[in-house]
Protein chains: 2
Amino acid sequence: MDSVGEILGSLAVELKRGTLVLTVLSQLITKEYGYSLVQKLEEKKVPIEAGTLYPLLRRLEKQGLLQSEWDTGESRPRKFYVLSEKGKDVYIQLKDEWRTISKQMEILLREEEKNEPD
Amino acid sequence: MDSVGEILGSLAVELKRGTLVLTVLSQLITKEYGYSLVQKLEEKKVPIEAGTLYPLLRRLEKQGLLQSEWDTGESRPRKFYVLSEKGKDVYIQLKDEWRTISKQMEILLREEEKNEPD
DNA sequence: TACAATAGTGTATGACGTACAGTATAATAA
DNA sequence: TTATTATACTGTACGTCATACACTATTGTA
């Protein structure tokens, strides 16, 4: 049987799981490259491991939601990503989905708090 | 390459994924049995398959977050579940975690909408 | 009597973030 | 000049867990 901390840790990972894609899509309305995106999300208190982000970017591109292009003009080559047209469509709909889920959850939680406040 | 519908479907599943545990914990501050819980969540527009709920209830009990007891007084035996003390603790903390993530996500989404409205 | 509803158990599969290992080179510090 | 850090990315095995069924049993209703 796990401790409260361990259980919370893994549940928090699950909570973040789906939000990761929405987070990343939301940041790629304007083009970004991977390393910069890791840093920007860090600043916005939404930390993400580079080892998580890069595979996710590739998967989203494979699914046609992102487009990438290499910029080799700088001292280091950088792979820029931006939402494709399909990606914009998915982003808008996923945003709505998120808000629906978020609202429903808040309703459930408030109902229970009303019945039995902490 | 998948269609928008397919991609949205699987992303929506991921969005719901973590919220499932919080949803179920929130409904078990007062004791419930599985079949009734499926129906109540259906009414609250948070549908969940019975085949998803029963294994989840067992897993949460195994983790010590729920306690169960059989009620064999009715015509059909029913397994009632309720939060344990540990479960109440996890529930409160997970609720906070949810609200943090929810707020952060909303900030990210509003920032992007400000920059480039739909 | 047949079918639907009630109530639950069991489990293989697929999706995906985590947690690394790894590569390469430019920039900076010593 | 050398060592270390920062920048930037690729690759992949593993663990977790919801889904999607199959299944069982019996009560209640048509």
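What you see below is based on every heavy atom in this structure, not just the backbone, and it leaves out hydrogens, waters and symmetry mates. Every chain is numbered from 1 and lettered A, B, ... according to where its sequence line falls, protein lines coming before strand lines.
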**Prompt:** Quick one: do A/Lys88 and A/Glu85 make a salt bridge, cutoff under 4.0 Å?
**Reply:**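 A/Glu85 and A/Lys88: salt-bridged.
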
Picking from [options], which would you name as closest to the side chain of [X]?
X       : options               : answer
B/Lys79 : D/dC17, C/dT9, C/dT18 : C/dT9
A/Arg17 : D/dT19, D/dC9, C/dA15 : C/dA15
B/Leu20 : D/dA18, C/dT18, C/dA7 : D/dA18
B/Tyr35 : C/dC16, C/dA5, C/dG17 : C/dA5
B/Tyr33 : C/dG17, C/dG8, C/dC16 : C/dG8
B/Gln39 : C/dT6, C/dG8, D/dC9   : C/dT6

Could you state the atom-to-atom distance from [atom1] of [X] to [atom2] of [N] in whole Å?
X       : N      : atom1 : atom2 : result
B/Leu57 : D/dC17 : CG    : C1'   : 14 Å
A/Glu32 : D/dA8  : CD    : C1'   : 14 Å
A/Arg58 : D/dG11 : CZ    : C1'   : 8 Å
B/Asp71 : D/dT27 : CG    : C1'   : 16 Å
A/Glu14 : C/dG17 : CD    : P     : 10 Å
A/Arg59 : C/dA15 : CZ    : C1'   : 8 Å
A/Leu15 : C/dG17 : CG    : C1'   : 14 Å
B/Glu6  : C/dC16 : CD    : P     : 12 Å

**side chain to side chain contact (heavy atoms under 4.5 Å, CB included) assessment of B/Leu94 paired with A/Leu15** = CA-CA 9 Å; B/Leu94 197 59; A/Leu15 273 184; 4.0 Å; yes

Listed pairs, N/O of protein and of nucleotides 28-30 of chain D, under 3.5 Å:
residue	atom	partner	partner atom	Å
D/dG28	OP1	B/Ser75	OG	3.3

**Asked** Does A/Tyr54 put a side-chain nitrogen or oxygen below 4.0 Å from OP1 or OP2 of D/dC9?
**Response**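 Indeed, a polar side-chain atom of A/Tyr54 lies that close.
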
**Request:** On DNA chain C, check which nucleotide each of A/Glu49 and B/Arg78 is closest to and give me the residue with the more 5' one.
**Result:** B/Arg78

**Message:** Any base atoms under 4.0 Å from A/Gly51, or only sugar-phosphate, or nothing? Heavy atoms, all strands.
**Reply:** base

**Request:** Check every strand shown and say whether B/Pro55 touches a base, only sugar-phosphate, or nothing at a heavy-atom separation below 4.0 Å.
**Result:** base

**Request:** Hey, which sits more toward the 5' end of DNA chain D by its nearest nucleotide, A/Ser10 or A/Thr52?
**Result:**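 Checking each residue's closest nucleotide, the 5'-ward one belongs to A/Thr52.
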
**Asked** More than 12 non-hydrogen atoms from neighbouring residues, nucleotides or ligands closer than 6.0 Å to CD on B/Gln39, yes or no?
**Response**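 Yes, enclosed.
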
**Message:** Counting only heavy atoms not in A/Lys103 (residues, nucleotides, ligands), do more than 12 fall under 6.0 Å from its NZ?
**Reply:**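 Atom NZ in A/Lys103 is not crowded, with 12 or fewer foreign heavy atoms closer than 6.0 Å.
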
**Request:** Work out which heavy atom in B/Leu109 is nearest to a heavy atom in A/Ser26; give both atom names and the distance.
**Result:**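 B/Leu109 and A/Ser26 have their closest heavy atoms at CD2-CB, 3.9 Å.
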
**Complete:** The salt bridge (charged side-chain N to carboxylate O under 4.0 Å, His left out) partner of B/Glu69 among B/Lys79, B/Lys31, B/Arg78 is B/Lys31

**Message:** I'd like to know if the side chain of B/Lys86 reaches the main chain of B/Gln63, judged simply by a donor and an acceptor atom lying under 3.5 Å from each other, with no hydrogens or angles considered.
**Reply:**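 Present.
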
**Request:** Please examine the side chains of B/Leu66 and B/Val82, heavy atoms only from C-beta on, and report whether any two atoms are closer than 4.5 Å.
**Result:**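 B/Val82 does not reach B/Leu66 side chain to side chain.
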
